[in-house]
There are 2 protein chains.
Amino acid sequence: MPTRDAAQLGQNPAPTYDAYLSTCPARQLVDRISDKWVTLVLPALADGPQRYSDLARRIDGVSQKMLTQTLRTLERDGLLTRHVTPSVPVRVDYELTPLGLSLMPLIASIKSWAETHMDEVSAARDDYDSDSSR
Amino acid sequence: MPTRDAAQLGQNPAPTYDAYLSTCPARQLVDRISDKWVTLVLPALADGPQRYSDLARRIDGVSQKMLTQTLRTLERDGLLTRHVTPSVPVRVDYELTPLGLSLMPLIASIKSWAETHMDEVSAARDDYDSDSSR
DNA sequence: CGGTATCCTGGGAGATACTG
DNA sequence: CAGTATCTCCCAGGATACCG
């Protein structure tokens with residue numbers, strides 16, 4: 001059967017791609033999405049389309065360059081779309097595609113984990129740093 | 001310890017930390033774990049303790065420096081432990097802590113997503129690049 | 001408003017050599 | 001085997017200025 005039965009399972013068997021291999025395209029994709037700004041941009045689009053300025057304001061400290069660059073890359077990879085409203089001044093909205101929507105919750109869980117377990121990580125760092133026998 | 005009622009829900013309410021804020025410690029933590037090598041190292045430890053050389057072999061293309069650096073950081077953050085067996089030659093095993101074990105599946109899902117959706121991303125890129133009106 | 005274009009610098013990261 | 005130490009280079013990414 002040529003249909004993908006495995007797709008119904010949460011855990012897919014080894015596909016044609018393997019990120020452990022340095023030459024595999026998936027390795028480069030892992031590199032792209034395992035990115036600080038991606039981890040902030042995707043969850044920021046969870047509640048529907050957002051204007052460029054909204055994203056810039058929400059994601060504190062991001063430079064225009066990095067925000068634009070990140071959005072362009074995500075657009076090229078098919079994770080979000082860019083809608084330009086030719087008003088004056090111009091208005092640009094970004095929205096997750098179905099593909100982006102499939103990745104977003106996974107990324108959001110990482111961000112959420114960081115926020116939830118920050119205290120434990122801090123404690124571990126203090127513990128590590130205070131051990132003189134290291 | 002204070003009782004965490006919100007912990008039972010999959011979606012926690014805004015905690016004390018907010019990665020959207022550039023000054024928040026969670027922002028820095030997001031930066032640390034949204035990392036190419038972390039995304040490969042954590043899933044590599046999913047099946048129990050692994051030797052340094054096993055990790056190096058499995059994660060194709062990683063340099064000694066980056067592997068060691070990544071492992072040290074993860075150890076300091078309390079995500080894994082380092083066990084030294086003083087044999088000759090020395091043997092070092094790395095193992096996920098409960099904290100690391102709580103993050104690992106989330107990271108593994110990102111890696112898995114990259115492998116599963118590589119074709120769609122490739123198609124999107126071709127589509128984007130072939131659009132001359134861009 | 002939502003971008004480019006350009007310059008510039010820190011440090012991320014590979015290569016290499018050495019060691020307990 | 002599992003690292004550390006050093007050197008070096010490259011480019012990610014911030015700052016700044018300008019534009020449709």
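Reminder, nothing fancy here: chain letters follow the sequence lines and each chain counts from 1.
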S.K.: Go through the structure and list residues passing side-chain hydrogen bond (donor to acceptor under 3.5 Å, both in side chains) with B/Ser22, not counting sequence neighbours.
M.R.: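 Expected list: A/Asp60.
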
S.K.: To the nearest 10°, give me the bend of the helix from C/dC1-D/dG20 to C/dG20-D/dC1, comparing the axes of its five terminal pairs at either end.
M.R.: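 It works out to 60° between the end axes.
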
S.K.: Which pairs count as salt bridge (Lys or Arg N to Asp or Glu O under 4.0 Å) when at least one residue sits in residues 39-56 of chain B, sequence neighbours excluded?
M.R.: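 Sorted pair list: B/Asp54-B/Arg57.
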
S.K.: Expressed as a whole number of angstroms, how long is the span from A/Leu67:CG to C/dG3:C1'?
M.R.: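 My rounded result for the distance is 10 Å.
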
S.K.: Pairs in or reaching into residues 82-106 of chain A: which pass salt bridge (Lys or Arg N to Asp or Glu O under 4.0 Å), with residues at least two apart or in two chains?
M.R.: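 Every pair satisfying salt bridge (Lys or Arg N to Asp or Glu O under 4.0 Å) with a residue in residues 82-106 of chain A: A/Arg91-A/Asp93.
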
S.K.: Does A/Val41 form a side chain to side chain contact (heavy atoms under 4.5 Å, CB included) with A/Leu45? I'd like the steps, not just the answer.
M.R.: CA-CA 7 Å; A/Val41 166; A/Leu45 292 170; 4.2 Å; yes

S.K.: According to side-chain hydrogen bond (donor to acceptor under 3.5 Å, both in side chains), who are the partners of A/Thr81, at least two apart in sequence or on a separate chain?
M.R.: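 Partners of A/Thr81 by the side-chain hydrogen bond (donor to acceptor under 3.5 Å, both in side chains) criterion, ordered by chain and then number, come out as A/His83.
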
S.K.: Where along residues 43-60 of chain A does a heavy atom come under 4.0 Å from DNA chain D, residue by residue in number order?
M.R.: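 None, since no heavy atom is under 4.0 Å.
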
S.K.: Per the side chain to side chain contact (heavy atoms under 4.5 Å, CB included) rule, which among B/Leu96, B/Thr70, B/Ile110 passes with B/Leu42?
M.R.: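 Exactly one pass, corresponding to B/Leu96.
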
S.K.: Among residues at least two apart in sequence or on other chains, which ones pass salt bridge (Lys or Arg N to Asp or Glu O under 4.0 Å) with A/Arg125?
M.R.: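 Counting only residues at least two positions away or on another chain, A/Arg125 forms a salt bridge (Lys or Arg N to Asp or Glu O under 4.0 Å) with B/Asp77.
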
S.K.: Return a single string for nucleotides 6-20 of chain C, one symbol per nucleotide in 5' to 3' order, where B is base contact, S is sugar-phosphate-only contact and - is none, cutoff 4.0 angstrom on heavy atoms.
M.R.: -------BB-----B

S.K.: Side-chain heavy atoms nearer than 4.5 Å, only ILVMFWY residues, links allowed to pass through others: does that put B/Leu103 and A/Ile107 together?
M.R.: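 Linked, B/Leu103 and A/Ile107 end up in one cluster.
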
S.K.: Using a 4.0 Å cut-off on heavy atoms, which residues in residues 76-87 of chain B reach DNA chain C? List them by number, or say none.
M.R.: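 Output list: empty, so none.
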
S.K.: Tell me the side-chain hydrogen bond (donor to acceptor under 3.5 Å, both in side chains) pairs involving residues 33-45 of chain B, sequence neighbours left out?
M.R.: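 Sorted pair list: A/Ser34-B/Thr39, A/Thr39-B/Ser34.
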
S.K.: Verify, without hydrogens or angle tests, whether B/Tyr94 (side chain) and B/Glu75 (backbone) share a donor-acceptor contact under 3.5 angstrom.
M.R.: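 No; judged by distance alone, with no hydrogens or angles, the pair does not exist.
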
S.K.: Suppose we screen for side-chain hydrogen bond (donor to acceptor under 3.5 Å, both in side chains). Which residues come up paired with A/Arg76, at least two apart in sequence or across chains?
M.R.: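 A/Arg76: side-chain hydrogen bond (donor to acceptor under 3.5 Å, both in side chains) contacts with B/Asp129.
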
S.K.: Which atom pairs, one a donor and one an acceptor, fall under 3.5 Å between side chains of residues 61-69 of chain B and the rest of the protein, sequence neighbours left out?
M.R.:
{"residue": "B/Ser63", "atom": "OG", "partner": "B/Met66", "partner atom": "N", "Å": "3.2"}
{"residue": "B/Thr68", "atom": "OG1", "partner": "B/Tyr52", "partner atom": "OH", "Å": "3.1"}
{"residue": "B/Thr68", "atom": "OG1", "partner": "B/Gln64", "partner atom": "O", "Å": "3.0"}

